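Just below is one structure, and these are the notes that go with it.
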Amino acid sequence: MSGIVVVGAGQAGASLAARLRADGYDGKLTLIGEEHAPPYQRPPLSKKYLLGEMPLERLYLRPESFYEDNGIDLRTDCRVDAVDTRERVAILGSEALRYEKLAFTTGAVPRRLPPAIGGLLGGVHVVRNLRDVDRIAAEVREGGRVLIVGGGYIGLEAAAVARGLGMEVTLVEMAERVLQRVAAPETSEYFRALHREHGVDLREGVGLECLTGETRVSGARLTDGTELELDLVIVGIGVAPATELAEATGLVLDNGIAVDTFGRTFDPHIWAAGDCASFPWRGGRIRLESVQNAIDQAELVARNMLGAEAPYDPKIWFWSDQYDTKLQIAGLNTGYDRIVVRPGESAGSVSHWYYAGDRLLAVDAMNDARAYMVGKRLIDGGRSADPAAIADPATVLKGLLR
Ligand SMILES: Cc1cc2nc3c(=O)[nH]c(=O)nc-3n(C[C@H](O)[C@H](O)[C@H](O)COP(=O)(O)OP(=O)(O)OC[C@H]3O[C@@H](n4cnc5c(N)ncnc54)[C@H](O)[C@@H]3O)c2cc1C
């Protein structure tokens, strides 16, 4: 009997399977994940879980019994090795699993440091899954010296947690400023100052030349000539969509598995969602790495697998926690030409509004839930707000929603 096979049991895979059942699909449903744990949320890995403030069970997206109770054949520790689109089977070791429809929800894989500069030494870690973070946690100790490579969200969150755990932290960012790829200079400035206030030795425009050590890392040489003694290295230099299997399957790739607005690939029986998928957006194609996208796109794919034919209209938002700062982002800032800064009501609270001409594109809100909420509602509704009104602290933000 064939049914639906979901490859990858992360945020998107679990959401897709759950939505299929919630919408009445009662056929065979198999959710396959190569990790040991049942589907879990990744954001706390670089935040409360690494800090030791969140127990393992709270990471799980649903109770373990959920899958059996809902007739979802969840296979953990199980990797899909190949997909044969002519026979419509997924190959898992010696098993061939027939499918009527199949979804790729394979996520993303972290970029690693090249072996030639010490990337394979012990004590050098990426932060993508539970195993990575459990290994880091086992090596963290108060007073230990950690080098964080990369000043994106993962690197900055790891730096905040490491300081919280009493480590000496150096962070290097090769680009001119932290968060350069994703945020305006004003937002970079906010987080640069925040980390320095908390004692991070944050260096921008400085790269890693090489790590040193016999089998385990013991030091690093930076491009500015600095030599560091180290106990631990955390690498946060971005991810690439997990497309190896899709490529071997013969699917079209374009910065991820290329899907149409319904989440379908060029093979009418195969779909994709989450970090691994790129989809049409505003005349181009984008791929988003966020929880909200993974859930929304996966749920849309589930509905479309059942015949809905609904197009994807992403409502983009993201967050990051560092020390006592909550950053909330609404919208996508691509193509902005100016920033409007709006001070918040309390110390450390501020929002940065991205505009292209008079069109509002995105908002970064630091400890300012109201600015985030208003910005998100405007952006989701395809509306803008007069930049002068935003810049004026006397403007009542909620009034802009009327
Ligand atoms: C440390 C960290 C912090 C983050 N913080 C935030 C945040 O604050 N806010 C936010 O919005 N987003 C955050 N993200 C991003 C967010 O977690 C991802 O966008 C989301 O998990 C994507 O879901 P996904 O299902 O597409 O991929 P994943 O959750 O990565 O799941 C994919 C799964 O598929 C498995 N898989 C791959 N290939 C195979 C195969 N062949 N066979 C079987 N299984 C396979 C993988 O092992 C993985 O378990 C964070 C990510 C990380 C790593």
Side-chain angles (χ1 to χ4, degrees), residues 5-18 30-51 59 61 74-83 90-93 95 97 102-111 125-133 136 150 152-158 160-161 182 234-236 238-249 256-257 259 263 272-279 287-299 301 314-322 326-330:
V5 169
V6 181
V7 185
Q11 185 79 61
S15 305
L16 203 163
T30 314
L31 173 60
I32 305 163
E34 64 188 348
E35 291 188 65
H36 181 65
Y40 59 90
Q41 37 172 341
R42 290 181 203 281
L45 293 183
S46 51
K47 308 179 182 82
K48 286 197 163 159
Y49 182 75
L50 184 55
L51 260 177
L59 280 186
L61 290 168
L74 170 65
R75 316 245 190 122
T76 51
D77 274 325
C78 185
R79 190 177 163 75
V80 175
D81 301 313
V83 174
I91 313 289
L92 302 68
E95 186 183 358
L97 194 61
L102 178 140
F104 278 93
T105 49
T106 46
V109 282
R111 295 207 170 84
H125 302 278
V126 293
V127 193
R128 181 70 195 178
N129 60 37
L130 253 175
R131 191 174 301 171
D132 299 328
V133 176
I136 295 171
Y153 290 119
I154 299 283
L156 292 175
E157 289 181 357
V161 170
V182 290
I234 298 178
V235 181
V239 297
T243 52
E244 213 181 333
L245 179 61
E247 187 174 16
T249 303
I257 304 170
V259 296
D275 281 12
C276 68
S278 76
F279 56 92
R287 191 175 63 76
L288 297 173
E289 293 162 10
S290 77
V291 165
Q292 196 58 44
N293 175 66
I295 295 172
D296 291 349
Q297 203 181 17
E299 293 196 337
V301 163
K315 305 287 182 233
I316 300 169
W317 69 276
F318 187 83
W319 77 95
S320 175
D321 298 323
Q322 296 167 42
K326 178 171 263 319
L327 163 67
Q328 293 168 291
I329 303 170

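For reference, positions follow the sequence shown, starting with 1. Atoms within a ligand are numbered from 1 in the order they appear, just like the ligands themselves. Nothing here was measured: the structure is a model prediction, and the numbers come from that model.
- For atom 16 (C) of ligand 1, the nearest non-hydrogen atom from the set Ile316, Val291, Thr76 belongs to Val291.
- For the 3.5 Å distance criterion, the side chains of Glu157 and Ser320 qualify, holding a donor opposite an acceptor.
- Nearest to atom 36 (N) of ligand 1 by heavy atom, out of Gln11, Arg287, Glu34, is Glu34.
- Of the protein's non-hydrogen atoms, Val80 O, 3.1 Å is the one closest to atom 41 (N) of ligand 1.
- Among Ser46, Ala9, Ala108, Ala12, the residue whose heavy atom lies nearest to atom 1 (C) of ligand 1 is Ser46.
- Among the atoms of Gln292, none of the N or O lies under 3.5 angstrom from an N or O of ligand 1.
- An N or O contact shorter than 3.5 Å links Arg128 to ligand 1 by distance.
- Among protein heavy atoms, the minimum distance from atom 37 (C) of ligand 1 is reached at Thr106 O, 3.3 Å.
- When hydrogens are left out, the protein atom nearest atom 17 (O) of ligand 1 is Arg42 CB, 3.3 Å; that is the closest non-hydrogen contact.
- At the shortest separation from atom 27 (O) of ligand 1 among protein heavy atoms lies Gly107 CA, 3.2 Å.
- With Val127, Val109, Ile295, Val83 as candidates, the residue nearest to atom 53 (C) of ligand 1 on a non-hydrogen basis is Val127.
- For Ile154, every heavy-atom contact with ligand 1 shorter than 4.0 Å involves the side chain, none the backbone.
- Heavy-atom proximity to atom 34 (O) of ligand 1, evaluated over Gly10, Gly8, Ala90, Ala242, is greatest for Gly8.
- Nearest non-hydrogen protein atom to atom 4 (C) of ligand 1 is Pro43 CA, 3.6 Å.
- More than 12 heavy atoms of other residues, nucleotides or ligands lie within 6.0 Å of CD in Glu95, so this atom counts as buried by the packing criterion.
- Ion pair Glu34/Arg75 not flagged as a salt bridge, since none of the NZ, NE, NH1 or NH2 atoms sits closer than 4.0 Å to an Asp/Glu carboxylate oxygen.
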